[in-house]
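Working notes, structure below.
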Amino acid sequence: MFPSLFISHGSPMLALEPGDSGPALVRLAAGMPKPRAIVIVSAHWESQDLLVNGNPQPETWHDFGGFPAALFAVQYPAPGLPELSLQVAALLGAAGLPARIDSKRPFDHGVWVPLSLMYPQADIPVVQVSLPSRQGPALQTKVGRALASLRDEGILVIGSGSITHNLRELDWHAGPESVEPWAKEFRDWMIDKLASNNEAALHDYRTLAPHAVRSHPSDEHLLPLYFARGAGGEFSVAHQGFTMGALGMDIYRFG
């Protein structure tokens, strides 16, 4: 059985400047069998309703600006898998979570940036599920649980976001040893609650966690964590770190 993963994908520049988390992603992929397919939720496909990407050949979408030309040249031509998209939609529907197929969706950088480091050959089919971000953590837990059985079928389940994500608080010149205390305190609280499997506290993190709103002015980058947790098993930390002082780069494994 495959684990599910939560990956903090950081800046799009991770694709070109992998820092410490890039090698951690490489090791993580090398330590598992090659998956038959990947099902992923990214912070960058927010939606009103649940959608499943049924595009057989999604384009690489450079959904950002202000970065070097070399980053816009990166392509990740992994195929989709429409029959798996239909299976995902059916599993969601059976769990009382109706989902529609989107046959035109490209890969946003929350998908292709981490996968370009883990599986650079781009030869594993990828199916993306959207993020109805206004419906909060509890929905993502349910979505993950509805798709947990895919792990028994050789499918790797991934939530791609960030353990902290406040772009206004970043120090673009800070080294990896520089960490804002408030960001670390929030991250450590999340790890404690994940390790103790305290779902009620995790779902109510915006009220209970220290510096929650400062760490996530909006919570779309944290919600993929709940998807990964819902789909997975026992929690463990695969990698810890920060960039730019306050952008958490943690990677967590469930199962």
Mind checking whether [X] and [Y] have side chains closer than 4.5 Å, heavy atoms only?
| X | Y | result |
| --- | --- | --- |
| His62 | Gln75 | yes |
| Leu225 | Leu194 | yes |
| Val129 | Leu51 | no |
| Trp61 | Phe107 | no |
| Pro132 | Leu139 | yes |
| Glu83 | Leu81 | yes |
| Leu115 | Tyr76 | yes |
| His165 | Leu222 | no |

Any donor-acceptor pair under 3.5 Å from [X] side chain to [Y] backbone:
| X | Y | answer |
| --- | --- | --- |
| Ser215 | Phe186 | no |
| Arg151 | Phe2 | yes |
| His203 | Gly136 | no |
| Ser116 | Trp112 | yes |
| Asn55 | Pro106 | no |
| Ser162 | Gly248 | yes |
| Ser42 | His44 | yes |
| Arg168 | Leu170 | no |

[X]-[Y] co-clustered via ILVMFWY side chain contacts under 4.5 Å:
| X | Y | value |
| --- | --- | --- |
| Leu5 | Val126 | yes |
| Val88 | Met1 | no |
| Ile158 | Ile155 | no |
| Val26 | Val113 | no |
| Ile40 | Leu147 | no |

Around atom [atom1] of [X], are there more than 12 heavy atoms of other residues, nucleotides or ligands at under 6.0 Å?
| X | atom1 | answer |
| --- | --- | --- |
| Glu59 | CD | no |
| Gln57 | CD | yes |
| Arg206 | CZ | yes |

Atom pair [atom1]/[atom2] of [X] and [Y] - distance to nearest 0.5 Å:
| X | Y | atom1 | atom2 | answer |
| --- | --- | --- | --- | --- |
| Lys34 | Asp123 | NZ | CG | 3.5 Å |
| Leu150 | Arg36 | CG | CZ | 8.5 Å |
| Arg253 | Ile7 | CZ | CD1 | 11.5 Å |

Nearest heavy-atom pair of [X] and [Y]: which atoms, and what distance?
| X | Y | value |
| --- | --- | --- |
| Thr164 | Leu247 | O-CD1, 3.4 Å |
| Trp45 | Val52 | CH2-C, 4.1 Å |
| Pro98 | Leu50 | O-CB, 3.7 Å |
| Gly230 | Ala148 | O-CB, 4.4 Å |
| Val179 | Phe242 | CG1-CD1, 3.5 Å |
| Gln128 | Asp108 | NE2-OD2, 2.8 Å |

For this session: Starting from the C-alpha separation in whole Å, work towards a yes-or-no answer on side chain to side chain contact (heavy atoms under 4.5 Å, CB included) for Glu234 and Phe254.
Result: CA-CA 5 Å; Glu234 186 175 356; Phe254 297 89; over 6 Å; no
Angle between ring planes, [X] versus [Y], binned at 30° and 60°: parallel, tilted or perpendicular?
| X | Y | result |
| --- | --- | --- |
| His211 | Trp182 | perpendicular |
| Phe64 | His109 | perpendicular |
| Tyr205 | Tyr226 | tilted |
| Phe6 | Tyr252 | tilted |

Problem set entry | Salt bridge flag under 4.0 Å for residues Glu199 and Lys142 |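 Looking at Glu199 and Lys142, the cut-off is not met.
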Between [X] and [Y], does any side-chain donor sit less than 3.5 Å from a side-chain acceptor?
| X | Y | result |
| --- | --- | --- |
| Ser21 | His239 | no |
| Ser149 | Asp152 | no |
| Ser130 | Ser47 | yes |
| Gln140 | Gln135 | no |

Problem set entry | Result of checking Leu28, Val237, Ile163 against Ile251 for side chain to side chain contact (heavy atoms under 4.5 Å, CB included) |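 For Ile251, the side chain to side chain contact (heavy atoms under 4.5 Å, CB included) check succeeds only for Leu28.
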For this session: Among Gln48, His221, Glu46, find the one that has a side-chain hydrogen bond (donor to acceptor under 3.5 Å, both in side chains) with Ser133.
Result: Glu46
Exercise. Yes or no on side chain to side chain contact (heavy atoms under 4.5 Å, CB included) for Glu180 and Glu169, after CA distance, side-chain angles and deciding distance?
Worked result: CA-CA 9 Å; Glu180 290 290 337; Glu169 295 262 14; over 6 Å; no
Problem set entry | Intermediate values then yes/no, side chain to side chain contact (heavy atoms under 4.5 Å, CB included), His9 and Met249 | CA-CA 7 Å; His9 61 247; Met249 296 300 296; over 6 Å; no
